[in-house]
Participant: 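Here you go, one structure.
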Amino acid sequence: MSVFDDFETILDYAHFWNWAPDWNVAKEIYSHIPEAYSVLTPFAYSYLEELIRSTTSEYGIPFLDRNGEKYHFKVGMGLIKLAKKENTDKPEYIALLDKMKKYFMYEYEHPADENGRNKVVHGHLHPRFWGKEEFEQLIHDIAELSPFAGF
């Protein structure tokens, strides 16, 4: 399966208004400028978290609670744990969530980020060090997870 088939699978399940237009742009950019994977990788990571969140009770919760206080969403490994807990009736999905852990697991002995987002490299690694193969694997993994989207 090609990365462009994976883009199409993602588009089939992406939220029509919130995510599909951006995925169309990402696909167009990547088809014309394959070196743009470093620019597209953070977008794909953000979508991966939102895709997983869409299968949990946190999806659709406003950013602020009724008292105007910031709601603290689960992220990284905490989000995967919540999704597994709330989707026990979907063993295939649970197996894919376990596969997604590689994007959130720590690589360092003493992680500074207790949320398990170290591997996601949010601001920890310059994009020029991300690889095309890793980007295409991320897109493939998102495509595999997409049929379970709760958008």
Side-chain angles (χ1 to χ4, degrees), residues 1-31 34 36-63 71-127 129-151:
M1 185 176 248
S2 80
V3 69
F4 294 103
D5 292 335
D6 289 333
F7 273 111
E8 290 301 321
T9 299
I10 293 167
L11 281 162
D12 286 344
Y13 295 98
H15 188 282
F16 186 75
W17 295 111
N18 293 344
W19 289 100
D22 295 328
W23 275 109
N24 272 315
V25 171
K27 181 182 77 170
E28 285 300 309
I29 290 170
Y30 195 62
S31 68
Y37 61 85
S38 66
V39 175
L40 299 172
T41 298
F43 165 74
Y45 277 131
S46 296
Y47 181 78
L48 174 61
E49 274 198 328
E50 184 71 1
L51 173 60
I52 295 169
R53 188 174 317 288
S54 77
T55 67
T56 72
S57 58
E58 288 191 348
Y59 185 66
I61 293 176
F63 185 67
Y71 183 82
H72 295 284
F73 290 107
K74 291 178 179 50
V75 295
M77 294 297 277
L79 180 60
I80 288 177
K81 184 179 177 181
L82 176 64
K84 288 176 67 173
K85 178 182 173 186
E86 294 183 353
N87 290 280
T88 56
D89 59 331
K90 301 173 186 163
E92 185 179 350
Y93 180 58
I94 299 292
L96 287 172
L97 286 170
D98 284 335
K99 185 178 174 184
M100 298 305 128
K101 286 180 180 179
K102 68 185 176 187
Y103 295 111
F104 303 102
M105 295 178 72
Y106 293 113
E107 289 186 340
Y108 305 107
E109 188 175 325
H110 300 290
D113 180 0
E114 68 277 358
N115 294 315
R117 296 176 92 185
N118 176 270
K119 182 93 182 212
V120 181
V121 292
H122 284 137
H124 297 290
L125 184 66
H126 193 279
F129 297 113
W130 295 337
K132 182 178 181 178
E133 294 78 23
E134 289 85 6
F135 171 73
E136 290 188 358
Q137 183 62 54
L138 174 60
I139 297 302
H140 180 72
D141 289 343
I142 291 170
E144 280 189 318
L145 203 61
S146 289
F148 296 97
F151 297 119

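These numbers come from a predicted model, not from an experiment.
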Participant: Is there side-chain contact between Asp98 and Lys84, with heavy atoms separated by less than 4.5 Å?
Facilitator: yes
Participant: List the atom of Leu51, the atom of Ala149, and the distance in Å for their closest heavy-atom pair.
Facilitator: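 For Leu51 versus Ala149, the nearest heavy atoms are CD1-CB, 3.4 Å.
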Participant: Verify side-chain hydrogen bond (donor to acceptor under 3.5 Å, both in side chains) between Asp141 and Gln137, making sure each step is shown before the conclusion.
Facilitator: CA-CA 6 Å; Asp141 289 343; Gln137 183 62 54; 2.8 Å; yes
Participant: If the test is side-chain contact (heavy atoms from CB on, under 4.5 Å), which one of Leu138, Ile52, Ile80 qualifies with Tyr103?
Facilitator: Leu138
Participant: With a 3.5 Å cut-off and no angle check, do the side chains of Tyr30 and Glu136 form a donor-acceptor pair?
Facilitator: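 The criterion, which ignores hydrogens and geometry beyond distance, is satisfied for Glu136 and Tyr30.
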Participant: Under 4.5 Å between any side-chain heavy atoms of Phe151 and Glu50, yes or no?
Facilitator: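 With C-beta onward as the side chain, the pair touches.
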Participant: Using a 3.5 Å cut-off and no angle test, enumerate the donor-acceptor pairs between side-chain atoms of residues 88-97 and protein atoms at least two apart in sequence or in another chain.
Facilitator:
{"from": "Lys90", "atom 1": "NZ", "to": "Asn87", "atom 2": "OD1", "distance (Å)": "3.3"}
{"from": "Tyr93", "atom 1": "OH", "to": "Thr55", "atom 2": "OG1", "distance (Å)": "2.6"}

Participant: Atom OG of Ser2 and atom CD of Glu8: how far apart are they, to the nearest 0.5 Å?
Facilitator: 9.0 Å
Participant: How close do Glu49 and Leu79 get, counting heavy atoms only, and between which atoms?
Facilitator: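 Shortest heavy-atom separation between Glu49 and Leu79 comes out as O-CD2, 3.3 Å.
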Participant: Only pairs under 3.5 Å count here: list side-chain donor-acceptor contacts from residues 12-20, not counting sequence neighbours, and write none if there are none.
Facilitator:
{"from": "His15", "atom 1": "ND1", "to": "Trp17", "atom 2": "N", "distance (Å)": "3.2"}
{"from": "His15", "atom 1": "ND1", "to": "Asn18", "atom 2": "N", "distance (Å)": "2.9"}

Participant: Can you see which heavy atom on Lys132 is nearest to which on Pro34, and at what distance?
Facilitator: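 Looking at all heavy atoms of both residues, the shortest contact is NZ-CB, 3.9 Å.
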Participant: Indicate whether any N or O donor in one side chain lies under 3.5 Å from an N or O acceptor in the other, for Asp22 and Tyr47.
Facilitator: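 No.
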Participant: If you look at every heavy atom in Arg53 and Tyr59, which pair is closest and at what distance?
Facilitator: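 Scanning both residues, the minimum pair turns out to be O-CB, 3.2 Å.
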Participant: Just verifying a value: how many Å separate Met100 CE and Leu145 CG, rounded to the nearest 0.5 Å?
Facilitator: 5.0 Å
Participant: Is the ring pair Phe135/Phe7 parallel, tilted or perpendicular, if the boundaries are 30 and 60 degrees?
Facilitator: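 Answer is tilted, since the angle falls between 30° and 60°.
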Participant: Is the shortest side-chain heavy-atom distance between Glu144 and Asp6 below 4.5 Å?
Facilitator: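 No, too far: nothing below the 4.5 Å cut-off.
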Participant: Where is the tightest heavy-atom contact between Ala36 and Ile29, given as atom of each residue plus distance?
Facilitator: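 It is CB-CG2, 3.5 Å.
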Participant: Between atom CG of Leu11 and atom CZ of Phe4, what is the distance when rounded to the nearest 0.5 Å?
Facilitator: 12.0 Å
Participant: Is the number of heavy atoms from other residues, nucleotides or ligands within 6.0 Å of NZ (Lys99) greater than 12?
Facilitator: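 Counting neighbours around NZ of Lys99, more than 12 heavy atoms of other residues, nucleotides or ligands fall under 6.0 Å, so yes.
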